[in-house]
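Notes for the one structure printed next.
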Amino acid sequence: MIPFAAPVDDILFSLRHVADVARLPDWDDELAEGIITHFASFAEGVIAPLDEPGDAQGCRLENGRVRMPDGFGDAFTQLAEGGWQGLTVPEEFGGMQADHVTAACVSEIFSGANHALQMVCNLVPGAVSTLMRFGTEDQKAAYIPPLAEGRWLATMCLTEPGAGSDLSRVRTKAVQEDGQWKITGEKIFISGGDQDMSEGIFHLVLARTGAMEDGVKGLSLFLCLSDNEGARNDITVTRIEEKLGLHASPTCQMAFDGARAELLGAEGQGLMAMFTMMNHARIDVSLQGVAHASRAYQVASAYAAERTQGRKPDGSPAVLSDHADVRRMLDEQRALAVGARAMTHITMVEMDLGQRPALVDFLTPVCKVFCTEAGIRSADLGMQVLGGYGYLTEYRVSQTWRDARITSIYEGANGIHDLTIATRGLKMPGAADGFDALIGELTDDAGVLALRDQWRTLRSDVQTSATPADLAYDFGRLTGELMFRAIWAKIARVGDEEMQRLNARVQRRPLPVAI
């Protein structure tokens, strides 16, 4: 096994030289480096060692309650005591009030160290953001501090049997009885729907307050606690799913049987409120993809540098990385990790600047698609580099692939995000034009700008098409590839010889679509 090492130097390089994080008016570079370095040490020493045994042991359901793998509870206690659950929470509610860019770096390291544990813990920032935007003052005061302290964890309860991506089919009902909202229905695929690490769980539940024919307009968002005044709410975990990966992250099927709840935001506007949490989650999933791409490269490069195989042209013994095809695969892994990370960092900086919100809305699905595919691709390449050992469990790159594979499916399947880019993304004022301008801001490289001209042509074709869905995949993938190449052209101008060599390889990549 090759121990996890947080890619701190790569993260800091991306922030400083690619995302130009100094543009943020309140950016404190020394503080950010200290936070990132401190969490990296914690992740390497406490969280990462639990990843392999957690995957092997998995979660179990006992008497209706989920039991986490050995050691997870203690690790979470240390995480909470360190204040990490309240990293971005405003100080008035007991948090550190760190910026979202720094939090994104922490999230990547967390995912690389132990994606399963990160999955259970990292819905809290989105829940807090939703409360800050839509909650009453009383709700903020009551519910944010326990989330910041780590006494509560959070979930996002949307999906139902027969109502996956089509939320207009949600049937879970919320009704008022004697002034109290009560929720009845079934939710599936709920990450961290129950666990034995935190004192309680803060469920955000999308439920119907209108008629079925109202579609998404009849949906409202509710906060629903696992416990009320010391008694369990009427919520039952009916099963936990057996999955390809993320064995230590409980994916729950849950029954709400008149569970007590509070309306969050306005009645009938639940989808709008839920999107605050969903958009946070989508960026977080992008970072999970980055983390897996980086981890797979770390394992593959270390193995390839030591594994003796064949001979060099001069007859001396060779290691795997001396062979051209292995170097090609390692280069692709490295390029994907560095480039995908920069995509998320640029998006987060734009988000914190707040000057081009339409651009952020456009970049979010672009990152979700490209970065998750990058993680899967890098893990697949890592298995190929290790050969037979990659297919075994000893070096755990196969676990990286298993854990990474879900990222292109959950928080909206990537095909849906391609469709979003090609439809809503092109209709939103300032979104696609902002992306076009961003490419020019990143580089003046002639090859990249020529690719942008091709992107502009395809953009026009999509906008004038009577069936834009038919072109959505091609347009979404070309958009991600264009941003990736523009970023690498910039990296080559500020990086060393290795970065320049990798950029040359990136710019020779075959396009993901036929133009």
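Scope of the values below: all heavy atoms of this structure, side chains included, with no hydrogens, waters or symmetry mates.
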Decide whether Asp29 and Trp27 meet the rule of one side-chain donor and one side-chain acceptor closer than 3.5 Å.
yes

Check Asp418 with Arg477, please: is the shortest side-chain N to carboxylate O separation under 4.0 Å?
yes

Between Asp10 and Ser294, is there a side-chain donor-acceptor contact under 3.5 Å, judged purely by atom types and distance?
no

Establish, from distance only, whether the side-chain atoms of Lys243 and Thr251 form a donor-acceptor pair under 3.5 Å.
yes

Please tell me whether Arg133 and Thr130 have a donor and an acceptor in their side chains that are separated by less than 3.5 angstrom.
no

Heavy-atom side-chain proximity of Phe72 to Met197 below 4.5 angstrom
yes

Is the closest side-chain donor-acceptor distance between Thr155 and His203 under 3.5 Å?
yes

Can a side-chain donor-acceptor contact be found between Gln399 and Glu52 if the only test is distance below 3.5 angstrom?
no

Compute whether any side-chain donor of one residue and acceptor of the other, for Glu373 and Ser408, lie under 3.5 angstrom apart.
no

Look only at the side chain of Thr238 and the backbone of Gln253, and say whether a donor-acceptor pair between them is shorter than 3.5 Å.
yes

Hydrogens and angles aside, do Asp284 and Ser107 bring a side-chain donor and acceptor to less than 3.5 Å of each other?
yes

Asp55 versus His247, side-chain donor and acceptor atoms under 3.5 Å
yes

If only side-chain N and O atoms count, and only distance matters, is there a donor-acceptor pair under 3.5 Å linking Ser220 with Thr209?
yes

Gln85 side chain to Val124 main-chain N or O, any donor-acceptor pair under 3.5 Å?
no

Distance only, no hydrogens: is a donor on one side chain within 3.5 Å (strictly under) of an acceptor on the other, for Asp74 and Thr77?
no

Are side-chain N/O atoms of His292 and Thr400 paired as donor and acceptor at under 3.5 Å?
no

Please answer whether the main-chain N or O of Trp152 pairs with a side-chain N or O of Ser198 as donor and acceptor at a distance below 3.5 Å.
no

With side-chain contact (heavy atoms from CB on, under 4.5 Å) as the test, would you mind laying out the steps for Arg16 and Glu33 before giving the verdict?
CA-CA 11 Å; Arg16 292 165 177 166; Glu33 181 175 351; 2.7 Å; yes

Checking the side chain of Thr184 only, and the main-chain atoms of Gly258 only, is there a donor and an acceptor separated by less than 3.5 Å?
yes

